[in-house]
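All remarks here apply to the structure that follows.
Letters A, B, ... are given to chains in the order of the sequence lines, protein chains preceding strands, and every chain is numbered from 1. Because the structure is predicted, anything quoted here is derived from the model rather than measured.
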Protein chains: 2
Amino acid sequence: MARIKKNSTNNINKEKIMATCTETYAMDMIGARWKLAVFYHLKTGPLRFSVLKEKIGDVSDRMLTLHLREMEEDGLLIRNVYPEVPVRVEYTLTSSAMELQPVWDFLRAWGRRHQNIMNGVEPAPLDMTIAYKQPLAS
Amino acid sequence: MARIKKNSTNNINKEKIMATCTETYAMDMIGARWKLAVFYHLKTGPLRFSVLKEKIGDVSDRMLTLHLREMEEDGLLIRNVYPEVPVRVEYTLTSSAMELQPVWDFLRAWGRRHQNIMNGVEPAPLDMTIAYKQPLAS
DNA sequence: TGAGGAACTAACAATAGTGTAAGTATGGCA
DNA sequence: TGCCATACTTACACTATTGTTAGTTCCTCA
């Protein structure tokens with residue numbers, strides 16, 4: 001997000017894990033403060049910067065910009081600039097980003113259930129799972 | 001991980017999001033540097049501290065301890081102390097933590113595919129999805 | 001000429017997460 | 001008595017992420 005010291009132990013560890021662990025690579029690009037909110041609000045269609053900011057609520061200009069830039073670099077969304085006056089900029093999720101939806105669905109179900117467990121309620125087993133449409137190559 | 005300033009904007013934002021967004025609550029407890037590695041190595045059965053540390057490789061005593069403590073507090077694993085000499089401590093994933101497996105599977109598949117897209121290769125559509133075993137009660 | 005709105009950007013400040021090095025407790029065994 | 005091993009803990013340093021404030025640019029319209 002800010003400058004990263006390439007040869008810090010911190011960064012070396014991170015790179016090493018990401019190079020061998022695709023789950024971590026994926027987690028890394030979706031796990032920042034406001035990214036989930038961006039996914040959530042964009043999944044029903046493109047929004048312009050100001051609308052997105054208002055919908056999210058507590059985010060500052062700078063934070064939203066930073067996250068949007070990263071998501072753009074990571075191929076999770078597309079930025080379209082319409083040279084009107086004042087300028088209009090719209091953000092759209094890529095189809096690859098849209099495919100993450102099952103993760104959010106699953107995590108919501110799991111999270112709700114886990115909260116119950118932590119509150120001493122033992123809920124019914126999780127009624128969701130990952131299904132393979134076809135056998136997975138590789 | 002370290003002390004947290006309860007009334008910092010940072011923490012207030014985080015708490016606010018977690019209170020309304022179960023996905024974020026879930027992401028928060030699985031998204032730290034070494035936690036995924038812990039899940040990975042423990043999913044086939046309990047391991048003692050030293051073995052876990054060796055399997056993970058680059059993690060320090062302190063970091064591993066911190067992550068294990070958090071995961072224990074979060075109900076993701078159980079710590080068993082056997083008062084032998086020297087002491088033996090074993091860590092076991094809870095059944096709730098085990099249920100996260102589909103997330104890792106999905107993220108691995110999605111991540112691999114997304115890496116291809118980023119490299120200019122347009123792969124076949126994702127062949128995994130979330131399936132509901134039964135209608136979800138909410 | 002100057003105000004106005006959208007979408008930023010720069011400079012700075014603070015918090016949170018991660019890493020290093022050295023030390024502790026326990027009891028067995030030489 | 002002193003050393004061993006395991007599983008930590010403490011104190012400190014560094015890096016990364018998040019937040020604040022005050023601009024900036026572009027063109028239009030009054």
Side-chain angles (χ1 to χ4, degrees), chain A residues 1-18 24 27-38 46-54 56-72 79-91, chain B residues 1-18 24 27-38 46-54 56-72 79-91:
Chain A
M1 223 91 179
R3 304 272 151 51
I4 285 174
K5 303 234 166 162
K6 284 287 185 188
N7 62 346
S8 66
T9 307
N10 189 323
N11 189 58
I12 290 168
N13 280 343
K14 180 175 168 182
E15 297 286 320
K16 206 160 170 181
I17 298 174
M18 294 221 300
T24 301
M27 288 281 291
D28 187 62
M29 53 172 75
I30 62 183
R33 177 65 44 87
W34 305 102
K35 286 187 184 175
L36 194 34
V38 172
L47 290 178
R48 58 192 303 178
F49 184 86
S50 53
V51 176
L52 189 52
K53 178 166 144 64
E54 198 195 357
I56 294 177
D58 291 311
V59 70
S60 68
D61 278 22
R62 172 179 144 77
M63 274 296 106
L64 185 52
T65 303
L66 275 180
H67 283 95
L68 290 172
R69 286 288 177 284
E70 276 198 354
M71 293 174 76
E72 192 189 359
R79 180 171 178 269
N80 280 115
V81 182
Y82 301 91
E84 305 165 0
V85 170
V87 67
R88 180 162 61 97
V89 179
E90 281 191 350
Y91 293 91
Chain B
M1 222 91 180
R3 304 273 151 50
I4 286 174
K5 301 233 165 162
K6 284 287 186 190
N7 62 345
S8 67
T9 307
N10 189 323
N11 189 57
I12 290 169
N13 280 342
K14 180 176 167 182
E15 297 286 321
K16 207 160 169 181
I17 298 175
M18 294 220 301
T24 301
M27 287 281 292
D28 187 64
M29 54 173 73
I30 61 184
R33 176 67 43 87
W34 304 102
K35 286 187 183 175
L36 193 35
V38 173
L47 290 178
R48 60 191 302 181
F49 185 85
S50 52
V51 176
L52 189 52
K53 176 166 145 65
E54 198 194 356
I56 294 178
D58 291 311
V59 69
S60 68
D61 277 23
R62 172 179 144 76
M63 274 295 107
L64 185 52
T65 304
L66 276 179
H67 283 96
L68 290 171
R69 286 288 177 284
E70 277 197 354
M71 293 174 76
E72 192 189 0
R79 179 170 178 271
N80 280 114
V81 182
Y82 300 91
E84 306 166 359
V85 171
V87 66
R88 180 162 61 99
V89 180
E90 280 190 351
Y91 294 91

Look at the side-chain N and O atoms of [X] and state whether any lies under 4.0 Å from the OP1 or OP2 oxygen of [N].
X: A:Tyr82; N: C:dA7; result: no
X: A:His67; N: D:dT17; result: no
X: A:Thr65; N: C:dC8; result: no
X: A:Arg3; N: D:dA16; result: no

Which angle, to the nearest 10 degrees, lies between the helix axes at the two ends of the helix from C:dT1-D:dA30 to C:dA30-D:dT1, each defined by five pairs?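 Inter-axis angle at the ends, rounded: 40°.
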Ignoring the backbone of [X], work out which of [options] is nearest its side chain.
X: A:Ser8; options: C:dG19, D:dT15, D:dA7; result: D:dT15
X: B:Ala32; options: C:dT18, D:dT15, D:dG19; result: C:dT18
X: A:Arg69; options: D:dT15, C:dT18, C:dT9; result: C:dT9
X: B:Lys5; options: C:dA16, D:dT17, D:dT6; result: C:dA16

Who are the side chain to side chain donor-acceptor pair (under 3.5 Å) partners of A:Asn10, not counting sequence neighbours?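 If we apply the side chain to side chain donor-acceptor pair (under 3.5 Å) test to A:Asn10, skipping adjacent residues, the hits are B:Arg33.
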With sequence neighbours excluded, residues passing side chain to side chain donor-acceptor pair (under 3.5 Å) with B:Asn80: none
Using atom [atom1] of [X] as one end and atom [atom2] of [N] as the other, report the distance to the nearest whole Å.
X: B:Glu84; N: D:dA7; atom1: CD; atom2: P; value: 10 Å
X: B:Asn7; N: D:dT18; atom1: CG; atom2: P; value: 19 Å
X: B:Leu64; N: C:dT18; atom1: CG; atom2: C1'; value: 13 Å

Only counting residues at least two apart or in another chain, list the ones meeting side chain to side chain contact (heavy atoms under 4.5 Å, CB included) with B:Ser60.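 Partners of B:Ser60 under the side chain to side chain contact (heavy atoms under 4.5 Å, CB included) test: B:Arg62, B:Met63.
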Can you sort out the partners of A:Val85 under side chain to side chain contact (heavy atoms under 4.5 Å, CB included), two or more places apart, ordered by chain and number? none
Using salt bridge (charged side-chain N to carboxylate O under 4.0 Å, His left out) as the criterion, list what pairs up with [X], not counting sequence neighbours.
X: B:Lys14; answer: B:Asp28
X: A:Lys16; answer: B:Asp58
X: B:Arg88; answer: B:Glu84, B:Glu90

What one-letter contact string describes nucleotides 20-30 of chain D from 5' to 3', where B marks a base within less than 4.0 Å of any protein heavy atom, S marks contact via sugar-phosphate atoms alone, and - marks no contact? B------BS--
I want to confirm an ordering. Mapping B:Val89 and A:Gly31 to their closest nucleotides on DNA chain D, which one lands closer to the 5' end?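 Nearest-nucleotide comparison on DNA chain D picks B:Val89.
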